[in-house]
Asks: 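First the structure, which I've put down as structure tokens, then a few questions once you've had a look.
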Amino acid sequence: MGNMNSHDFWTDRLSDYADDELTADERSAVDAHLTGCGDCRQILRELQAVTARARTLTDAGPDRDLWPGVAAGIGAAPAREPRVLELRTARRFSFTLPQLVAASLALMVLSGGMVWLARLGGNGTDIPATGAARFERPPALAVTFANAHYDEAIADLQQTLEAGRAKLDPETVRVLEQNLTAIDTAIEQCRTALAADPANLYLNEHLVAAKKRKLALLRRATAMTDTES
Amino acid sequence: MQAAIATPGTFTGAFSLQSDINQPVGRVRDATPGRDAGGAELVAQAAAGDVRAFELLYRTHLPRVHSLVRRMAGGRDVDEIAQDVFVRVWQKLGTFRGDSAFTTWLHRLTVNVVIERFRSENLRRQRHKDGEDIFEMLPAPARSGDLSMDFETAMLKLPDGARQIFVLHDVEGYKHVEIAALLEISPGTSKAQLHRARMMLRKHLR
């Protein structure tokens with residue numbers, strides 16, 4: 001038991017007094033003290049003000065959105081920015097050799113059809129003009145430059161691939177050759193058509209696109225030879 | 001006269017995470033039936049694994065959880081702890097029986113996560129020891145400023161044990177016996193720490 005003559009003895013009971021946590025006897029004793037102690041009455045008022053203030057506090061959220069961290073914690077994809085990254089990732093790794101074969105076959109069919117259409121069009125008028133203005137064909141210099149650039153790169157990669165061909169699985173080689181043949185067919189059709197209409201922009205661009213595909217395939221194949229070594 | 005009141009600074013009990021978070025405690029300011037009833041379907045969907053429903057729950061309850069964490073943790077690592085709370089909610093939603101309002105359940109879980117955090121960091125003992133000195137260094141409240149903000153700031157600077165008990169009792173409406181069970185201390189210690197916190201805070205309301 002503390003010293004009842006000590007002021008602290010009474011002060012220490014004021015919270016319990018305010019919260020009605022004292023027994024009847026204890027409460028009576030504190031009441032008697034408060035009657036004659038202005039300091040304790042003041043402290044009691046202040047303690048009651050603290051309690052009242054605590055009950056009026058308002059809630060506030062964080063300055064930043066915490067959801068991405070929560071989503072990562074529960075194994076769910078965050079809803080915003082990372083979704084873009086996912087798409088990029090998926091695109092990057094979605095090309096398998098069989099898929100490239102299918103794409104090349106589609107390209108070959110499409111190329112054949114478009115070349116045929118281009119040749120039917122005579123002077124390169126395969127693209128329907130919109131409105132009354134006649135479409136003026138731009139010079140094909142840039143395309144020619146691109147053609148040369150791709151031919152050089154393709155030749156380099158083909159050399160590299162030949163050197164590493166033995167390292168590849170025979171089935172992979174078979175699929176790769178089929179794929180390259182399909183692209184070469186598309187390229188050859190373009191060249192034939194361009195011989196008759198050298199300034200045809202569409203045919204030039206189509207040729208570059210086919211060479212781009214061949215380049216991508218060769219890069220992938222040479223990378224595979226590096227991996228196998 | 002009451003003789004069982006512990007002296008301030010004797011708060012030595014270990015924290016427990018084993019308490020049943022389905023038991024209703026405190027007054028939990030948002031736990032009115034009408035408010036919670038609207039979220040019952042969301043809670044059920046989230047418990048079934050619906051991430052979109054869970055995100056809505058998160059956005060609904062974030063201010064409440066974040067404020068509770070900030071006050072309980074004294075402003076330290078608040079975002080990180082709040083995120084942890086919601087991850088735990090996701091993991092434990094299947095154990096929510098609906099005996100209490102979801103807000104009550106969430107509130108209890110939040111308190112438990114903060115308590116566990118303090119236990120694992122082993123900071124409590126040091127803070128209790130140094131608490132009063134730290135408080136004496138607080139700047140005086142701005143006379144013309146926002147008193148509520150001064151009060152919040154002062155509250156965050158309280159020694160950990162006193163602050164947590166103050167938040168649980170005076171802000172959240174827990175009873176001493178509930179606080180004692182949560183923090184594994186005696187009700188007398190809870191009362192003594194509460195008085196200590198109030199005595200410190202009263203200076204910031206003058």
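The sequence lines fix the lettering, A, B, ..., with proteins before strands; numbering per chain opens at 1. Hydrogens, waters and symmetry mates are skipped; everything else that's a heavy atom, side chains included, is used. These numbers were taken from a predicted model, which means no experiment stands behind them.
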Asks: Would the number of heavy atoms belonging to other residues, nucleotides or ligands and lying under 6.0 Å from CG of A:Asp63 be above 12?
Replies: no
Asks: Do A:Arg53 and B:Asp150 sit within salt-bridge range, that is, some charged N less than 4.0 Å from a carboxylate O?
Replies: no
Asks: Which pair of heavy atoms, one from B:Phe151 and one from A:Val50, lies closest together, and at what distance?
Replies: CZ-O, 3.9 Å
Asks: Could you walk me through whether A:Asp59 and B:Arg70 pass the side chain to side chain contact (heavy atoms under 4.5 Å, CB included) check?
Replies: CA-CA 10 Å; A:Asp59 295 332; B:Arg70 184 176 64 253; over 6 Å; no
Asks: So, taking the atom named OG in A:Ser15 and the one named NE2 in B:His169, what distance separates them when rounded to the nearest 0.5 Å?
Replies: 9.0 Å
Asks: At their closest point, which heavy atom of A:Ile74 faces which heavy atom of B:Phe54, and how far apart are they?
Replies: CD1-CD2, 3.9 Å
Asks: Are A:Arg55 and B:Asp170 within salt-bridge range, i.e. N to O under 4.0 Å?
Replies: no
Asks: Is a salt bridge present between B:Arg198 and A:Asp19, judged by a nitrogen-to-oxygen distance below 4.0 Å?
Replies: yes
Asks: Given side chains that start at C-beta, do those of B:Arg71 and A:Leu57 come closer than 4.5 Å, heavy atoms only?
Replies: yes
Asks: In terms of heavy-atom pairs under 4.5 Å with chain B, which of A:Ala60, A:Gly69, A:Gly61 leads?
Replies: A:Ala60
Asks: Which heavy-atom pair separates A:Ile43 from B:Arg202 by the least distance, and what is that distance?
Replies: CG1-NH1, 3.6 Å
Asks: Taking the side chain from B:His176 and the backbone from A:Glu21, do they hold a donor-acceptor pair closer than 3.5 Å?
Replies: no
Asks: Taking the side chain as everything from C-beta on, heavy atoms only, tell me whether A:Pro62 gets closer than 4.5 Å to B:Val78.
Replies: no
Asks: Taking all heavy atoms of B:Glu152 and all of A:Thr58, pick out the closest pair and write down the distance.
Replies: OE2-O, 4.1 Å
Asks: Determine, stepwise, if the pair B:Met199 / A:Leu47 fulfils side chain to side chain contact (heavy atoms under 4.5 Å, CB included).
Replies: CA-CA 7 Å; B:Met199 289 294 281; A:Leu47 293 177; 3.8 Å; yes
Asks: Is it the backbone or the side chain of A:Arg45 that comes under 4.5 Å from a heavy atom of chain B, or both, or neither?
Replies: neither
Asks: Do you know which of A:Leu14, A:Thr51, A:Thr23 has the most heavy-atom pairs with chain B at a distance under 4.5 angstrom?
Replies: A:Thr51
Asks: Please determine whether side chain to side chain contact (heavy atoms under 4.5 Å, CB included) holds for the pair A:Asp65 and B:Tyr58, giving the CA-CA distance in whole Å, both sets of side-chain angles, and the decisive distance to 0.1 Å.
Replies: CA-CA 11 Å; A:Asp65 187 10; B:Tyr58 154 84; 2.9 Å; yes
Asks: For A:Leu66, is there any backbone N or O sitting under 3.5 Å from a side-chain donor or acceptor partner on B:Gln83?
Replies: yes
